[in-house]
A.B. asks: 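So that we are looking at the same thing, I have put the structure below in structure tokens.
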Amino acid sequence: MSKTPILDREEAVPAVKVPLARSIFIGFALGVVFLVINEGVVHIPVPPVGALPIFLVAWYASLLMHELGHAGAGLAMGFEVRALVVGAFHLERRAHGWRFRLIPKRFLGGGLTSTLPQSNQNLVRRFALCIMAGPAVSAILFIITFFLPTGLWVGSFCLANLILAAFSCIPFTVRGQPADAKNILILAQKGVVADRLAAILYLLALDARGIQPREWPHEFVERMSAVTNDMSYLPLSLAMQHACLLETNDTERIAQVLESALSVSNKMPPDLQRGFFHVAACFQGMDRKNVSLAESWLASARGVKGAASLKDWDSMASAAICLAHGQPSQAREYLMRYKAFLDELPLSGMIAATRARVVSLLDELAGA
């Protein structure tokens, strides 16, 4: 057996399971709804089943306000908002403005605000304030609606914000993304996990300014790459490690990082899981010239459920497969499409480094 059995398809990729935290959340949320209605704390003048559509609207609106709390605090703290996610509704920053996408498969998903720091000054404190703003908004909205005259809409908003405020106090990690309470807990303690998060924030601040991985301080790269059993930000750490190693052309270490990422890919968000499968296809096609494995990984990437539909996201892997087949003209066409895909993404040092490699490869093919 090879040193990278998953990457080489000698072992299967771990199966995706419904996160325990999600099950706990759904059970907790439903329990709170029925308990509060049953005890008469919040009066909803219709049976719970009849109130469900109204409650879902209130839930989405409350979730939006929660995420806007994160976003607003982020802007005030000097962070750039790159994405705002509320269930199936996704708003993302692109190179030339914002793009809205609807992903129905994520209808029952939670919220997420993606922010990148623009400077490293007091970074941990500023990030903590951004995190605390979301639960604070939910708590304030709960208090306001609790004292308003009761009714279907007011009661639904009150319940939704109660659930959000209460759940924000539970420290857990889902698919590598820590909840608000877990983030605060990490920032408040000392140790490897806290140091890793601080290093990730520092490097993200550099990345947001277009500084490429080869220019990142080695000390922070080492801290960001620290090994720990805590899944918090591990997928992001592995993605950043991979970006750094691509600058070295050390195929053995690249393969090891990919193996580590694939071994926990079932605990990643769908988009990131698909991204690592795509990278595995590129590695097998470009570095190992293994057409069958490259095609297998590309098929797995295309089969990831719940990932966003993006035009030409898989063009690099297609180009790698064409090169392994000895088809440079077709590879060049795919590379041009992938370059156009990268040009649509917002400023990022990691993206800039990837684009530079694509351009270099295009130049090689043009001169061949």
Side-chain angles (χ1 to χ4, degrees), residues 1-16 103 105 235 238-239 241-243 245-246 249-345 350-351 353-366 368:
M1 183 174 290
S2 71
K3 295 181 180 179
T4 54
I6 300 178
L7 178 61
D8 296 330
R9 291 296 200 181
E10 296 172 357
E11 290 184 3
V13 178
V16 176
I103 307 179
K105 291 183 179 180
L238 290 168
Q241 291 176 52
H242 179 259
L245 288 173
L246 286 177
N249 294 319
D250 187 337
T251 56
E252 183 175 347
R253 292 183 63 193
I254 290 172
Q256 290 172 354
V257 167
L258 285 177
E259 182 73 10
S260 298
L262 295 172
S263 69
V264 295
S265 60
N266 60 325
K267 300 177 182 179
M268 296 181 182
D271 290 332
L272 197 53
Q273 181 189 52
R274 182 180 68 180
F276 273 115
F277 288 177
H278 176 252
V279 168
C282 295
F283 179 82
Q284 293 291 4
M286 290 281 192
D287 296 282
R288 294 189 172 169
K289 310 300 180 184
N290 192 316
V291 174
S292 61
L293 286 180
E295 291 177 336
S296 175
W297 278 115
L298 181 55
S300 295
R302 290 170 173 168
V304 172
K305 297 179 180 180
S309 176
L310 299 171
K311 182 181 178 181
D312 291 330
W313 64 268
D314 55 354
S315 296
M316 188 65 184
S318 297
I321 292 170
C322 288
L323 288 174
H325 269 300
Q327 302 169 333
S329 59
Q330 292 93 327
R332 179 176 173 80
E333 179 183 345
Y334 280 118
L335 287 171
M336 290 295 294
R337 289 164 60 175
Y338 194 65
K339 176 177 172 293
F341 166 75
L342 295 175
D343 288 341
E344 290 297 316
L345 300 179
M350 290 184 284
I351 297 300
T354 301
R355 186 184 185 280
R357 285 190 293 272
V358 171
V359 170
S360 177
L361 190 53
L362 283 169
D363 290 342
E364 290 180 18
L365 292 176

A.B. asks: If I compare all heavy atoms of Glu10 with all of Ser2, which pair ends up nearest, and what's the gap?
C.D. replies: OE1-N, 2.9 Å
A.B. asks: What residues form a side chain to side chain contact (heavy atoms under 4.5 Å, CB included) with Glu252, not counting sequence neighbours?
C.D. replies: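 Only Lys3, Asp250, Gln256 meet the side chain to side chain contact (heavy atoms under 4.5 Å, CB included) criterion with Glu252.
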A.B. asks: Could you list the residues that satisfy side chain to side chain contact (heavy atoms under 4.5 Å, CB included) with Leu345, not counting sequence neighbours?
C.D. replies: Arg94, Phe341, Leu342, Ile351
A.B. asks: Does Ser360 reach the main-chain N or O of Arg357 with its side chain, forming a donor-acceptor pair under 3.5 Å?
C.D. replies: no
A.B. asks: Look at the side chain of Gln273 and the backbone N and O of Ser265, then say whether any donor-acceptor pair between them is shorter than 3.5 Å.
C.D. replies: yes
A.B. asks: Taking all heavy atoms of His278 and all of Ala317, pick out the closest pair and write down the distance.
C.D. replies: NE2-N, 3.2 Å
A.B. asks: Between side-chain atoms of residues 290-308 and protein atoms elsewhere (two or more places apart, or another chain), which donor-acceptor pairs fall under 3.5 Å?
C.D. replies:
unit_1, atom_1, unit_2, atom_2, d
Asn290, OD1, Ser292, N, 3.4
Asn290, OD1, Ser292, OG, 2.9
Asn290, OD1, Leu293, N, 3.1
Ser296, OG, Arg9, NE, 3.0
Ser296, OG, Arg9, NH2, 3.2
Trp297, NE1, Leu7, O, 2.9
Ser300, OG, Arg9, NH2, 2.4
Ser300, OG, Ser296, O, 3.2
Arg302, NE, Asp314, OD2, 2.8
Arg302, NH2, Asp314, OD2, 3.0

A.B. asks: Who are the salt bridge (Lys or Arg N to Asp or Glu O under 4.0 Å) partners of Arg355, not counting sequence neighbours?
C.D. replies: Asp343
A.B. asks: Let me check something: any side-chain donor-acceptor pairs from residues 327-334 under 3.5 Å, sequence neighbours excluded? List them with distances.
C.D. replies:
unit_1, atom_1, unit_2, atom_2, d
Arg332, NH1, Leu362, O, 3.1

A.B. asks: With sequence neighbours excluded, tell me which residues meet side chain to side chain donor-acceptor pair (under 3.5 Å) with Ser260.
C.D. replies: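 Expected list: none.
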A.B. asks: What's the shortest heavy-atom distance between Arg288 and Ala255, and which atoms?
C.D. replies: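 Here Arg288 and Ala255 meet closest at NH2-CB, 3.7 Å.
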A.B. asks: Take Asp287 and Ile254 through the side-chain contact (heavy atoms from CB on, under 4.5 Å) test and state the conclusion after the steps.
C.D. replies: CA-CA 10 Å; Asp287 296 282; Ile254 290 172; 5.8 Å; no
A.B. asks: Output all residues satisfying salt bridge (Lys or Arg N to Asp or Glu O under 4.0 Å) with Asp312, sequence neighbours left out; order by chain, then residue number.
C.D. replies: Arg337
A.B. asks: Could you list the residues that satisfy side chain to side chain donor-acceptor pair (under 3.5 Å) with Gln284, not counting sequence neighbours?
C.D. replies: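 Gln284: side chain to side chain donor-acceptor pair (under 3.5 Å) contacts with Asp8.
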A.B. asks: Who passes side chain to side chain donor-acceptor pair (under 3.5 Å) against Gln241, sequence neighbours left out?
C.D. replies: Ser237
A.B. asks: Identify the two heavy atoms, one from Cys282 and one from Met316, that lie closest to each other, and give their separation to 0.1 Å.
C.D. replies: SG-CG, 3.6 Å
A.B. asks: So, taking the atom named NZ in Lys289 and the one named NE2 in His325, what distance separates them when rounded to the nearest 0.5 Å?
C.D. replies: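 If I round to the nearest 0.5 Å, the distance is 12.5 Å.
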A.B. asks: Could you name each residue pair satisfying salt bridge (Lys or Arg N to Asp or Glu O under 4.0 Å) that touches residues 262-271, not counting sequence neighbours?
C.D. replies: Arg106-Asp271
A.B. asks: Is there a side-chain contact between Leu323 and Leu361 in this structure, where contact means two heavy atoms from C-beta onward sitting under 4.5 Å apart?
C.D. replies: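 Yes; the side chains approach each other to less than 4.5 Å.
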A.B. asks: Quick check: closest heavy atoms across Pro14 and Ile6, and the distance to 0.1 Å?
C.D. replies: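 So the two residues come closest at CD-CD1, 4.4 Å.
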A.B. asks: Sequence neighbours excluded, which residues qualify as salt bridge (Lys or Arg N to Asp or Glu O under 4.0 Å) partners of Arg253?
C.D. replies: none
